[in-house]
Each structure stands twice: as structure tokens, then as C-alpha cells.
Amino acid sequence: MPELPEVEAIRRRLARQITGRRIRAAHVLRAGTVEARPVGFARLVTGRTIEEVERRGKNLLIGLSGNYTLRVHLRMTGELLAGEDAREAFEAEEPVKSVRVWFELGGGCELVFKDFRGLGRISAATCSEMEQALAPLGPEPLGRRFREDDFVAQARRSRQPAKLFLMDQTHVAGLGNIYVAEALFHAGIDPRRPMQTVSAPRLRSLHSAIRTVLRKAVRSATLLYKRPGTYRQSDVFGRRVYGREGEPCRVCGREVRRIPQGGRSTYFCPHCQR
DNA sequence: AGTCACCTGATT
DNA sequence: AATCAGGTGACT
């Protein structure tokens with residue numbers, strides 16, 4: 001489900017709920033979800049205190065005492081819920097099918113990783129191991145290290161179609177199918193066009209479009225996550241092209257098209273994006 | 001660079 | 001029965 005803005009919204013909510021709490025126990029209900037043997041995983045995290053909740057790209061990073069980090073990647077349908085949210089999630093499901101990992105925290109608080117498709121992943125490692133694992137990720141698009149010249153230079157070297165270039169987390173971290181489509185529309189770039197052939201001015205406008213689109217989405221996702229679960233990203237954000245196949249482009253009125261790229265759907269306006 | 005597998009469910 | 005779904009990594 002989530003791309004950077006949703007993960008950021010989840011992070012903010014979670015930080016308030018679980019920071020400072022101790023992990024009293026961890027239960028792995030589906031072995032495939034953790035990247036370790038379940039017992040080993042539980043042993044690694046139990047007894048540690050949650051010091052912070054951070055985000056890198058689409059990864060949630062839960063900083064634990066003793067220089068440990070818990071990494072949660074929600075993939076398509078993962079949810080990480082704490083406190084009230086966790087309790088509700090548990091109670092709403094009888095029998096419990098989609099809860100994959102369950103943590104008992106101090107003060108009777110719970111932390112639940114739910115994921116009906118089971119593609120999400122959780123891992124635990126020392127901080128330095130985790131840094132290594134995350135090293136391939138490109139810069140945070142909303143951070144200072146996402147520099148326009150670097151982005152343009154990298155783009156000019158790539159023959160990848162624009163859509164695939166942006167989906168590749170090593171160039172920029174945190175974009176997914178929706179926000180790539182929206183950013184490319186904003187910048188007026190055809191998603192099929194090899195990055196190399198996009199003009200420098202357009203690449204600069206893409207750099208800025210990525211930030212604008214994401215900033216706006218973070219704001220809206222953060223507001224909507226006051227009630228997690230009820231949230232459907234597609235209802236929310238003022239999408240220009242994503243999911244609008246056959247509907248009129250909001251700028252030129254022509255039909256928005258959908259094409260397959262990299263095994264997934266790309267939405268764009270062939271008139272506005274060249 | 002492209003395709004597929006990983007899972008489950010909703011929709012056509 | 002087939003296709004689609006906001007992601008990623010492992011294959012050819």
C-alpha cells in the first residue's frame with residue numbers, strides 16, 4: 001500500500017505511541033515474515049527499549065537500545081499498529097489470520113504487524129548492519145541530500161524509461177507507482193521516455209515536482225492517519241493521472257491512458273507528457 | 001532490461 | 001478463469 005508519504009504518516013503516529021516502551025515479548029505467528037529464525041528474532045529484540053521511530057524510503061526503522069534496529073517494510077498491504085489501533089485490529093479479526101508478528105510492550109501496550117498478503121518483511125540487526133543493508137537506497141527526496149544537480153547528472157546517464165528510473169529505489173528512495181505517475185505528469189515527461197533523452201530543464205522540473213507532490217501527500221496522509229485503517233490513499237490525494245484510465249486529463253481533457261511497464265500499470269496523459 | 005515469484009482477495 | 005492491486009528481489 002504505502003509509499004513514502006503513508007510510511008511517514010505511520011511513523012509519526014507510531015512514534016507517539018511506542019517511543020520509550022520496552023519490548024517484553026515478541027511472537028512470530030508467520031515465520032516467513034521475519035528474516036531470521038523466529039525464535040532467534042524474538043530473542044534478539046526482547047528486553048530492548050524503543051528509543052525512536054524513523055523512516056528511510058519506505059522502511060520504518062525502530063531504534064532499539066543496545067544499538068539495535070528493527071526494520072519493517074510494509075510492501076503492499078502491511079500495517080503496523082500500536083496501542084488502541086493494535087487492540088482493535090486484533091479484536092476485529094476472529095480468527096486472527098493476517099497478524100504476522102505481535103509484540104508485547106511495557107505498560108500493556110501492544111504492537112502488531114498485520115499483512116493479509118504476507119509480502120511485508122521485518123528484520124532486526126545491529127545499527128551498523130542495518131546501515132549496510134540500507135546503503136543502496138538513494139537520497140531522501142525531502143531531505144537536503146536530494147540535490148538537483150546530482151539528480152540531473154544521474155538521470156542523464158540512464159537509458160531507463162523515466163517511470164522505471166524513478167521506481168528504482170537506488171536513484172531516489174520512497175517513490176512508488178502512484179507518486180511516480182503524479183510527479184511525471186507534473187513535469188510533463190512521458191513515462192516511456194529514456195531518461196537520457198529528457199532535457200535538463202525538464203529534469204530540474206521533475207526534481208522539484210517530486211518534492212512538491214510528496215510534501216503535499218505527506219500533509220494529507222498525516223491528517224488522514226488520525227484514524228488508520230479507514231484510510232484509502234486513492235480516495236484522498238488529488239490525483240491527476242493515477243487510476244484514472246479513460247477519464248479526461250484535468251489539464252487538456254484528453255483521455256488518460258494506462259500501459260504496462262515493468263509488469264505494472266503506468267497512467268499518463270499522452271498529450272501533456274512528452 | 002524484462003519476467004516472475006512471493007501472497008491473498010476483489011473485480012471483471 | 002483471468003486480471004488487477006500502492007513492492008521488491010531473484011531469475012533469465
Side-chain angles (χ1 to χ4, degrees), chain A residues 1-11 29-35 55-60 71-80 92-93 95-101 113-123 132-138 141 157-185 191-197 210 213-214 216-218 220-222 224-225 228-246 257-268:
Chain A
M1 286 167 101
E3 301 178 37
L4 183 151
E6 295 73 44
V7 178
E8 176 60 18
I10 292 164
R11 183 196 71 75
L29 277 43
R30 296 288 183 91
T33 296
V34 297
E35 289 172 358
R55 180 191 56 72
R56 183 76 175 88
K58 300 169 195 169
N59 296 276
L60 283 164
R71 171 200 198 181
V72 178
H73 199 302
L74 305 169
R75 295 278 178 97
M76 300 283 264
T77 53
E79 295 174 77
L80 194 58
E93 205 182 39
V96 173
K97 281 172 69 180
S98 65
V99 173
R100 310 280 163 168
V101 181
F113 178 68
K114 243 184 105 165
D115 186 359
F116 88 88
R117 281 175 73 179
L119 301 176
R121 290 292 177 267
I122 300 185
S123 61
Q132 291 227 331
L134 298 172
L137 289 181
R157 271 184 264 124
S158 170
R159 279 179 289 277
Q160 272 186 306
K163 152 83 176 268
L164 271 36
F165 180 89
L166 295 181
M167 292 291 283
D168 183 338
Q169 303 293 298
T170 68
H171 300 312
V172 189
L175 291 168
N177 216 20
I178 295 182
Y179 297 112
V180 164
E182 297 299 321
L184 286 173
F185 177 80
R192 298 165 295 187
R193 177 179 285 279
M195 263 327 228
Q196 260 187 349
T197 71
I210 289 168
V213 163
L214 290 180
K216 193 170 142 210
V218 168
S220 108
T222 302
L224 281 151
Y225 259 89
T230 59
Y231 174 85
R232 282 253 150 191
Q233 168 165 20
S234 27
D235 304 335
V236 176
F237 170 68
R239 287 166 296 124
R240 295 283 187 282
V241 284
Y242 184 84
R244 299 192 63 245
E245 182 184 19
R257 289 226 292 140
R258 177 167 71 92
I259 57 165
Q261 262 190 314
R264 323 206 26 218
S265 292
T266 294
Y267 299 87
F268 70 114

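Convention: sequence-line order gives letters A, B, ...; per-chain numbering from 1. As the structure is a prediction and not an experimental result, all values here were calculated from the model. Reckoned from all heavy atoms, side chains included, excluding hydrogens, waters and symmetry mates.
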Exercise. To the nearest Å, give me how far apart NE2 (A/H171) and C1' (C/dT8) are.
Key: 15 Å
Quiz item: Quick one: is A/Y267 getting a side-chain N or O under 4.0 Å of the C/dC4 phosphate, OP1 or OP2?
Solution: no
Self-check item: base_contact_polar (C/dA5 base, A/R264 side chain, donor-acceptor, <3.5 Å)
Solution: no
Quiz item: Using a cut-off of less than 4.0 Å, is there contact between a side-chain N or O of A/S98 and OP1 or OP2 of B/dT8?
Solution: no
Exercise. Kindly compute the distance separating CG (A/L137) from NE2 (A/H171), expressed to the nearest 0.5 Å.
Key: 12.0 Å
Practice problem: Respond yes when some side-chain nitrogen or oxygen of A/K114 is under 4.0 Å from OP1 or OP2 of B/dT8, and no when none is. | Solution: no
Quiz prompt | Rounded distance in Å between the P positions of B/dT3 and C/dT3 | solution = 15 Å
Practice problem: Compare the minimum distances between each of C/dG7, C/dC4, B/dG2 and the side chain of A/N177, then state the nucleotide with the smallest one. | Solution: C/dG7
Quiz item: Contact class for A/G263 (heavy atom, under 4.0 Å): base, sugar-phosphate, or nothing?
Solution: nothing
Quiz item: Is the closest side-chain heavy-atom distance between A/F113 and A/T33 below 4.5 Å?
Solution: yes
Self-check item: G-U wobble or Watson-Crick pairing nucleotide for B/dT8 (cut-off 3.5 Å, both distances)
Solution: C/dA5
Quiz item: Does A/H73 make a side-chain N or O approach to OP1 or OP2 of C/dG7 shorter than 4.0 Å?
Solution: no
Quiz item: Does B/dT8 have OP1 or OP2 sitting under 4.0 Å from an N or O in the side chain of A/K97?
Solution: no
Self-check item: Among C/dT8, B/dG9, C/dA5, the one nearest A/F116 by side-chain distance
Solution: B/dG9
Quiz item: Nearest to the side chain of A/Q160, which nucleotide is it out of B/dT8, C/dG7, B/dA1?
Solution: B/dA1
Self-check item: Whole-Å distance separating the CD atom of A/Q196 from the C1' atom of B/dA1
Solution: 14 Å
Quiz prompt | OP1 or OP2 of C/dT8 under 4.0 Å from side-chain N/O of A/Q169 | solution = yes
Quiz item: So does A/E93 have more than 12 non-hydrogen atoms from other groups sitting under 6.0 Å from CD?
Solution: yes
Exercise. Report the distance from atom NZ of A/K58 to atom CZ of A/R75, rounding to the nearest 0.5 Å.
Key: 10.0 Å
Practice problem: Provide the distance between the two P atoms, one in C/dA5 and one in B/dA1, to the nearest whole Å. | Solution: 23 Å
Quiz item: Base, sugar-phosphate alone, or nothing: which one does A/R100 contact when heavy atoms must sit under 4.0 Å apart?
Solution: nothing
Practice problem: Look at the side chain of A/Q169 and the backbone N and O of A/G174, then say whether any donor-acceptor pair between them is shorter than 3.5 Å. | Solution: yes
Exercise. Tell me which of A/R258 and A/G262 sits closer to the 5' end of DNA chain C, going by the nucleotide each one is nearest to.
Key: A/R258
Quiz item: Taking only side-chain nitrogens and oxygens of A/R117, does any of them come within less than 4.0 Å of OP1 or OP2 of C/dG7?
Solution: no
Self-check item: Same-atom distance (P) from B/dC7 to C/dC11, integer angstrom
Solution: 15 Å
Practice problem: Examine distances only and state if a side-chain atom of A/R55 and a backbone atom of A/G57 form a donor-acceptor pair shorter than 3.5 Å. | Solution: yes
Quiz item: How close or far is atom C1' of C/dG9 from atom CG of A/L164, stated in whole angstroms?
Solution: 14 Å
